[in-house]
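All remarks here apply to the structure that follows.
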There are 2 protein chains.
Amino acid sequence: MTAPRLLDVAAAAGVSRATASRVLAGTPRNVDPDLARRVEEAARRLGYRTNHSARALRTGTTGTVGVVVPSLANPYFVQLADAIAQQVRAAGGQLVVSDAANSPTIEAEQIETLLGGRVDGLLVVPVSAAASGAAVRAAAKRAPVVLFDRWARGSGTVAVTLDNAAAMRLLLDHLDALGRHRIALVAADQASSSGAERLAAFTAARGADATTVLLPSFTTDAGRTAGRRIAERRAEVDAVVCGADVLAVGLVSTLQRSAVPVPGEIAVTGFDDTEMLELLDPPITSIRHPLADMAERALALLQGPAADRTEQVERFAPQLVVRASTDADAHA
Amino acid sequence: MTAPRLLDVAAAAGVSRATASRVLAGTPRNVDPDLARRVEEAARRLGYRTNHSARALRTGTTGTVGVVVPSLANPYFVQLADAIAQQVRAAGGQLVVSDAANSPTIEAEQIETLLGGRVDGLLVVPVSAAASGAAVRAAAKRAPVVLFDRWARGSGTVAVTLDNAAAMRLLLDHLDALGRHRIALVAADQASSSGAERLAAFTAARGADATTVLLPSFTTDAGRTAGRRIAERRAEVDAVVCGADVLAVGLVSTLQRSAVPVPGEIAVTGFDDTEMLELLDPPITSIRHPLADMAERALALLQGPAADRTEQVERFAPQLVVRASTDADAHA
DNA sequence: GAGCCGTGGGAGATCGATCTCCCACACTGT
DNA sequence: ACAGTGTGGGAGATCGATCTCCCACGGCTC
């Protein structure tokens with residue numbers, strides 16, 4: 001009743017464990033085709049599965065990549081993890097996803113757990129630009145680590161991110177072209193590099209006295225709070241740029257309940273282009289990340305030489321996706 | 001530069017590997033407090049981490065539970081995975097989540113991969129009541145497997161699910177009490193046990209000639225298709241029960257664009273009580289699963305004796321969550 | 001026909017932590 | 001003083017797959 005081992009397969013096929021291993025693991029070594037067939041046949045008949053722990057112990061490699069995201073409650077990170085999973089699976093590996101619950105402490109624990117010999121390398125979307133650096137740096141000394149979508153100061157490793165400044169320019173230019181010039185920013189989570197960069201790019205473009213609403217976290221609830229504040233100041237504003245889709249969702253919902261027409265009176269944009277945006281009324285204009293390209297690059301860096309992982313930030317070009325929330329004809 | 005091993009810690013502390021292991025793994029054996037301190041001190045100083053593969057190989061246990069869900073694109077399954085993760089983590093374990101991409105074939109592969117010695121037990125939310133059974137049965141012979149949220153025929157193992165019939169009765173009674181009697185069902189994915197049970201319960205209550213819209217899958221896009229069909233038949237209907245929240249979201253969005261007031265003309269209910277429902281306008285009435293209780297029970301079955309895992313279905317009581325989409329005063 | 005070489009296959013070591021003995025030593029009671 | 005008892009600690013075996021040798025054998029050259 002116990003699981004069959006390689007030894008059992010070898011015995012059934014009348015060969016040694018070494019030969020059975022060569023056949024089943026595909027070691028680069030010629031084996032008599034007839035013996036190979038016998039081994040494969042025996043393995044199938046016995047229902048043999050190679051023991052992952054034993055192989056990992058011997059080879060020192062697990063074929064698994066880990067990714068730690070700030071929170072799976074944010075659908076953007078689900079999409080992000082999925083994009084990575086597809087790349088990993090295409091390369092014959094497996095992906096393990098961990099949730100840091102938006103806490104640098106839990107993030108450090110998750111990194112610690114995964115590095116206990118469970119993964120060959122780690123992608124991290126750091127919770128905080130300041131507070132995540134130390135744990136990442138420590139991890140990067142023990143295994144390949146690449147930051148994804150966000151960077152962290154003092155991480156000691158490379159980051160594959162979006163060009164947030166370019167993205168902000170795309171949004172502002174789009175709104176300006178529509179004749180919307182009184183633009184407010186709803187920004188959240190300045191502790192993260194993406195939150196901070198988006199805020200900085202907005203301020204750089206519109207000046208420090210432009211209307212901004214700062215919120216602690218990227219959640220829909222924060223978006224609703226922002227909605228109330230913007231509704232109060234509706235006279236000063238004809239467009240709102242949100243630092244994340246989840247914010248835009250909460251914002252639009254609250255504006256509509258406050259009888260502020262979107263986009264009639266106020267145009268709204270999101271950030272991240274999560275799938276849910278198309279389903280809202282109105283669908284929301286947003287910024288799309290080239291996640292597949294970013295994932296491919298991040299995995300290449302992870303598996304490549306350590307010398308390519310010096311602390312620096314690689315930025316990928318964003319893409320503007322226009323939807324009804326910034327309709328050209330709606331401006332009063 | 002190579003990672004420190006237990007041997008190194010033992011040497012640094014001046015004890016044998018056995019003693020070091022007893023201290024660090026917490027084996028039930030008294031060790032001189034002074035030695036224990038020396039070992040822990042040495043481990044900390046060297047930055048020792050126990051090698052997961054080696055421990056797993058020796059003990060035959062990984063401390064990891066796997067869960068295979070139909071699709072992480074459906075936020076309900078993200079919530080479900082999260083509820084399980086919390087329970088697992090509280091018990092000191094780790095959870096690995098796999099996505100079956102709504103395909104029984106991929107589902108079988110994921111199960112196969114996870115069972116290669118990576119997990120101690122597996123929770124599966126089967127894609128299909130008919131097509132998932134075989135793979136689950138095979139898996140259940142090799143490791144503890146418990147079905148979650150859905151069951152599969154011929155699985156050979158226990159399932160922890162919601163009482164879908166009771167949930168449907170809660171919804172129908174609620175709508176009846178509001179004076180809505182011309183109720184339509186939007187059902188999807190009859191291949192899954194939950195889809196089939198919800199449809200069956202509706203038909204049992206309202207008769208086979210009640211309005212039903214059948215869709216292939218639980219997606220928002222399917223919900224929009226349903227919205228168009230319902231809008232065409234608006235004269236025959238004053239309430240729509242959706243078999244999943246994602247359907248309700250797409251449906252409401254489409255009804256509103258077709259100028260059908262919700263809940264003014266048509267009340268709408270969802271199913272699963274995902275978090276996004278509160279953010280819509282109107283927020284949607286739904287059915288809440290007692291996920292924490294279900295997860296706790298499922299894990300207890302997973303770790304308990306195999307005799308408790310005979311093929312049967314355990315059902316948990318649903319809870320009705322009333323929101324504005326079935327507002328009592330809105331009925332024309 | 002003797003020595004070489006290339007090729008396929010097997011015996012045994014190995015990865016690192018844990019577990020099973022078994023031993024040494026101190027302490028107790030008679 | 002000695003046998004009995006209990007307690008802490010160490011040597012070596014073990015988990016299962018892979019890797020490193022090394023051997024056997026058939027074909028080759030000269």
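Residue numbers start from 1 in every chain, and the chains themselves are labelled A, B, ... in the order their sequence lines are given, proteins ahead of strands.
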How far apart are the C-alpha atoms of Glu41(A) and Arg44(A), what are their side-chain angles, what is the distance that settles it, and do they pass the salt bridge (charged side-chain N to carboxylate O under 4.0 Å, His left out) test?
CA-CA 5 Å; Glu41(A) 152 68 17; Arg44(A) 193 157 31 75; 3.0 Å; yes

Does a side-chain heavy-atom distance below 4.5 Å link Leu123(A) with Val146(A)?
yes

Not counting sequence neighbours, list each pair that qualifies as a side chain to side chain donor-acceptor pair (under 3.5 Å) and has a residue in residues 71-80 of chain A.
Tyr76(A)-Asp149(A), Tyr76(A)-His289(A)

Please say whether more than 12 non-hydrogen atoms of neighbouring residues, nucleotides or ligands are located less than 6.0 Å from CD in Glu311(B).
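Enclosed.
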
Between [atom1] on residue [X] and [atom2] on residue [Y], distance to nearest 0.5 Å:
X         : Y         : atom1 : atom2 : answer
Thr161(A) : Arg315(A) : OG1   : CZ    : 5.0 Å
Tyr48(B)  : Arg5(B)   : OH    : CZ    : 10.5 Å
Leu6(B)   : Arg49(B)  : CG    : CZ    : 13.5 Å

Using a cut-off of less than 4.0 Å, is there contact between a side-chain N or O of Asn30(B) and OP1 or OP2 of dG8(D)?
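For dG8(D), OP1 or OP2 has a side-chain N or O of Asn30(B) closer than 4.0 Å.
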
Summarise how protein sits on nucleotides 10-18 of chain D as a single string, 5' to 3': B when a protein heavy atom is under 4.0 Å from the base, S for sugar-phosphate-only contact, - for no contact.
BBBBBBBBB

Report the end-to-end axis angle of the helix from dG1(C)-dC30(D) to dT30(C)-dA1(D); each axis comes from five terminal pairs, and the value is rounded to 10°.
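It comes to 50° between the two terminal axes.
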
Does the salt bridge (charged side-chain N to carboxylate O under 4.0 Å, His left out) test come out yes or no for Arg142(A) and Glu112(A), once each step is laid out?
CA-CA 10 Å; Arg142(A) 304 205 282 132; Glu112(A) 198 53 53; 2.8 Å; yes

